[in-house]
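The shown structure was predicted, so the numbers you read here are calculated from the model rather than taken from an experiment.
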Amino acid sequence: MTGTRRIRWLTHAGMVCLMGLFAQPHTGLAQQFPAKPVRIITPFPVGGGPDGVARLMADRLSRMWGQPVTVENRPGGNGFIAIDAFKRGAKDGTDLMVVDNVHLAAYPSLFKKLPYDPAKDFEALLPLFKTYFFFTVATHSPYQSVGALIADAKAHPGKLNYGSWSVGNPVHLGSELFESTTGTRMEHVVFKETTQLYTAVSTGDLAFALGSAATAGPLQRAGRLRFLAIAAPQRSADYPDVPTVGESGGPAGLPGHGLECPGRACGSAGRHGRQDQAGRGGGAPDARSARQVRQLCLRALSGHHPRPVRSVHPGREPALR
């Protein structure tokens with residue numbers, strides 16, 4: 001696999017839901033679960049797009065299950081802080097976690113050593129949403145097109161900067177892909193939270209940053225940010241005046257190769273947790289336990305029968321049915 005193709009694959013990020021392991025057998029799970037409050041752990045800060053999705057999901061699940069479902073935000077540390085809390089949490093299915101797909105798919109290729117094993121520690125339940133990124137700049141930015149941004153980056157190698165909230169997240173990888181595709185060299189600046197990131201863009205401390213409509217939208221609507229272009233195959237119905245990257249003088253093939261965030265997902269703690277529970281005499285659960293909780297989540301999120309949560313329109317944050 002070539003380096004470029006590798007980057008393209010890694011930047012197809014998503015939001016995934018993970019689930020904690022069950023100490024009881026699967027029999028009768030649909031009638032018994034949950035018997036106590038449920039916690040959704042997320043590495044995303046309060047107020048961002050992913051946080052909003054997690055809270056919407058929590059509300060749906062709480063109403064369906066008749067149990068409190070709370071969201072616990074643990075940002076920072078590339079998501080490792082939240083993942084550690086999740087690994088140490090309940091193994092009875094009442095701890096869920098929402099993560100980016102990069103935590104499961106990209107990080108094993110980006111980090112020499114991880115504090116978790118994606119193949120053994122987690123049970124992925126379902127994807128939640130997908131969205132496309134915008135190129136965001138300050139309202140007073142001199143850049144009126146992606147082409148102008150590229151020209152300046154080529155004229156001043158290493159001078160321009162962009163930001164994201166960690167190393168290896170979809171925004172970082174998408175920006176790296178943008179550099180690779182355009183033959184430019186820029187500086188990556190890491191922020192702890194998305195609010196800090198897009199505030200830095202709005203003040204001109206960053207040349208640009210990729211962002212979704214939910215995460216960067218509040219500052220855009222407040223007149224502090226400008227959407228330069230959308231990295232999508234076509235314009236968004238919600239932002240018809242925002243051109244695509246190709247229309248704005250950028251590489252026309254960019255949208256299909258990585259600046260799409262196909263959805264964070266929800267899932268559970270994995271196989272070694274099963275072994276731990278079995279070793280304590282709790283009864284070894286099997287894959288059917290996870291499937292049953294997956295069905296319960298899907299029913300709550302769809303409102304009717306289990307079916308995948310729909311993908312959102314390009315440029316629009318998710319509206320769970």
Worked verdict on V98 versus M57 for side-chain contact (heavy atoms from CB on, under 4.5 Å): CA-CA 10 Å; V98 173; M57 183 174 71; 3.8 Å; yes
Can you confirm whether or not the ring centre of F80 sits under 6.0 Å from the ring centre of F111? yes
CZ of F133 to CG of L210, rounded to nearest 0.5 Å, is 6.5 Å
Do N169 and S164 get their side chains close enough for a donor-acceptor pair, meaning under 3.5 Å? yes
Taking the side chain as every heavy atom from C-beta outward, state whether Y198 and L206 have any atom pair closer than 4.5 Å. no
Indicate yes or no for a side-chain donor-acceptor contact from R226 to the backbone of Y143 under 3.5 Å, with no hydrogens or angles considered. yes
From T70 OG1 over to L61 CG, what is the distance, rounded to the nearest 0.5 angstrom? 11.5 Å
Do L197 and V189 have side-chain heavy atoms sitting under 4.5 Å apart? no
Are the aromatic ring centres of F134 and Y239 under 6.0 angstrom apart? yes
Identified side-chain contact (heavy atoms from CB on, under 4.5 Å) partner of T42 from the options V99, V71, V53, L96: V71
Should L160 and L149 be marked as a side-chain contact (heavy atoms from CB on, under 4.5 Å) after you check the CA-CA gap, both sets of side-chain angles, and the distance that decides it? CA-CA 9 Å; L160 273 64; L149 175 64; 3.6 Å; yes
Can you see which heavy atom on P68 is nearest to which on S62, and at what distance? CA-OG, 3.9 Å
What orientation do H172 and H188 show, parallel under 30°, tilted 30 to 60°, or perpendicular over 60°? parallel
Within-4.5 Å side-chain heavy-atom neighbours: P251 and T182: yes
Shortest non-hydrogen pair, E193 vs P75, comes out as OE2-CG, 4.1 Å
Any chance the side chains of Y162 and E179 put a donor and an acceptor closer than 3.5 Å? yes
Is P157 close to T184 at the side-chain level, that is, under 4.5 Å between some pair of heavy atoms? no
Return the OG1 to CD1 distance between T94 and I40, rounded to the nearest 0.5 Å. 11.5 Å
State, yes or no, whether a side-chain contact exists between T136 and F227 at a heavy-atom distance under 4.5 Å. yes
What closest approach, in Å, do P43 and M97 show between heavy atoms, and which atom pair accounts for it? CD-CE, 4.1 Å
Separation between CD of Q234 and OH of Y132, rounded to the nearest 0.5 Å: 8.0 Å
Taking it one step at a time, do R235 and D241 satisfy salt bridge (charged side-chain N to carboxylate O under 4.0 Å, His left out)? CA-CA 8 Å; R235 296 192 183 198; D241 295 332; 5.3 Å; no
Pair K36-D92, side-chain contact (heavy atoms from CB on, under 4.5 Å): steps then yes or no: CA-CA 10 Å; K36 63 179 183 180; D92 59 0; 2.8 Å; yes
If only atom types and distance count, is the side chain of D100 paired as donor or acceptor with the main-chain N or O of P170 below 3.5 Å? no
Where P50 and T215 come nearest, the two heavy atoms and their spacing: CD-OG1, 4.1 Å
Heavy-atom side-chain proximity of T181 to L177 below 4.5 angstrom: yes
Rounded to the nearest 0.5 Å, the CG atom of D152 sits from the CE atom of M186 at a distance of 10.0 Å
Least distance between heavy atoms, D121 atom then Y116 atom: OD2-CA, 3.2 Å
With the side chain counted from C-beta on, respond yes when V245 and S248 share a heavy-atom pair under 4.5 Å apart, and no when they do not. no
Could you check whether any side-chain heavy atom of V190 comes within less than 4.5 Å of a side-chain heavy atom of W165, counting everything from C-beta outward? no
What do the steps show when you test V242 against L228 for side-chain contact (heavy atoms from CB on, under 4.5 Å), and what is the final call? CA-CA 7 Å; V242 178; L228 204 59; over 6 Å; no
With distance as the sole test, does D51 use its side chain to make a donor-acceptor pair with the main-chain N or O of G47 at under 3.5 Å? yes
Point-to-point distance, once rounded to the nearest 0.5 Å, from CG of D95 to CZ of R39: 4.0 Å
Minimum heavy-atom separation for N78 to Y107, with atom names? O-CE2, 3.3 Å
Using only heavy-atom distances, determine whether the side chains of T199 and S202 contain a donor-acceptor pair under 3.5 Å. no
Donor-acceptor pair, S180 side chain versus E176 backbone, under 3.5 Å? no
Answer yes if I81 and F44 sit in the same cluster of Ile, Leu, Val, Met, Phe, Trp and Tyr residues linked by side chain heavy atoms under 4.5 Å apart, and no otherwise. no
Could you check whether D84 pairs with R74 (Lys NZ or Arg NE/NH1/NH2 to Asp/Glu carboxylate O, under 4.0 Å)? no
